[in-house]
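Encoded as structure tokens, the structure appears first; notes follow it.
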Amino acid sequence: AQTVTQSQPEMSVQEAETVTLSCTYDTSENNYYLFWYKQPPSRQMILVIRQEAYKQQNATENRFSVNFQKAAKSFSLKISDSQLGDTAMYFCAFMNYGGSQGNLIFGKGTKLSVKP
Amino acid sequence: DTAVSQTPKYLVTQMGNDKSIKCEQNLGHDTMYWYKQDSKKFLKIMFSYNNKELIINETVPNRFSPKSPDKAHLNLHINSLELGDSAVYFCASSGQLAGGETQYFGPGTRLLVL
């Protein structure tokens, strides 16, 4: 079974600085997808970024980028120029490609606090 | 317009009661899901429906029953509520079951069983 591990329960960063959140996963599959979701205090789950395993190029979305290391099964999220609104829980998630399994498998989350 | 909506947002009830949570999506998606987030914020899949057929049931007690009157709706009915059912329940939807489609989440329903 696939598992997702986020080893940092909590992190903090100063506004305007850069922070990296770690995520590792375990799978025997070759084709899959990886996601980062953000959950602010409002509780809403918001997609931050996604990565297809077959793509070597790291995904980027404005201030958010990933470092995808397939061989190491690592998928870290880098947030540049951190803003107060980035304060949230961040969840790394895995999804198999194809088959009958379409659900997301989540890590336990990292609580990020951006300090002014 | 809200893409995925859930009602109610908060639900407080007594042990032993039966309750339902409604979910609707206006994205035209074929697949809908229910996730449970426990008190430690851990999210886990409960069910998914694809074209009105149950695809996944992850060892959820049979007190929980998803019902889909059409592909835009997936309701969650819970019988004989227990203290351990207290959690936040999220509905989500995606265009396809497989293929890495992004799942869009509703705002969640916080259930408190007293």
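Worth knowing before you read on, the calculation uses all heavy atoms, side chains too, and leaves out hydrogens, waters and symmetry mates. Note on naming: letters A, B, ... go to the chains in the order of the sequence lines (proteins, then strands), and numbering restarts at 1 for each one.
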Same hydrophobic cluster for [X] and [Y], using side-chain heavy-atom links shorter than 4.5 Å among ILVMFWY?
| X | Y | answer |
| --- | --- | --- |
| A:I105 | A:M45 | no |
| B:L111 | B:M15 | yes |
| A:F75 | A:F64 | yes |
| B:Y33 | B:F64 | no |
| A:I49 | A:I79 | yes |

Quick check on [X] against chain B: is it the side chain, the backbone, both or neither that has a heavy atom closer than 4.5 Å?
| X | result |
| --- | --- |
| A:E52 | neither |
| A:M89 | side chain |
| A:F91 | side chain |

Out of B:F90, B:F105, B:Y104, B:F42, which one racks up the most heavy-atom pairs below 4.5 Å with chain A?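 If we count pairs closer than 4.5 Å to chain A, B:F105 comes out on top.
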Determine the option with the most heavy-atom pairs under 4.5 angstrom with chain A, choosing from B:V88, B:T102, B:L43, B:N50.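 Ranked by contacts with chain A, first place is B:L43.
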To the nearest 0.5 angstrom, please state how far the [atom1] atom of [X] sits from the [atom2] atom of [Y].
| X | Y | atom1 | atom2 | answer |
| --- | --- | --- | --- | --- |
| B:S94 | A:M95 | OG | CE | 6.5 Å |
| B:E101 | A:Y33 | CD | OH | 8.5 Å |
| B:K41 | A:K108 | NZ | NZ | 15.0 Å |
| B:Q103 | A:N103 | CD | CG | 7.5 Å |

Student check: side-chain heavy atoms of B:Q37 and A:F106 closer than 4.5 Å: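 No, side chains not in contact.
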Whether A:R43 side chain and B:G108 backbone form a donor-acceptor pair below 3.5 Å: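 Yes.
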B:Y35 (side chain) donor-acceptor with A:L104 (main chain) under 3.5 angstrom: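 The answer is yes, because a donor-acceptor pair under 3.5 Å joins these two groups.
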Could you check whether atom NZ of A:K70 has more than 12 heavy atoms from other residues, nucleotides or ligands sitting under 6.0 Å from it?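 Yes, enclosed.
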Within 6.0 angstrom of A:K73 NZ, more than 12 heavy atoms from elsewhere: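 Yes, because the 6.0 Å sphere around NZ of A:K73 holds more than 12 heavy atoms from other groups.
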For chain A, which residues of residues 69-84 of chain B have at least one non-hydrogen atom nearer than 4.5 Å to it?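 So far as heavy atoms go, nothing in residues 69-84 of chain B approaches chain A to under 4.5 Å.
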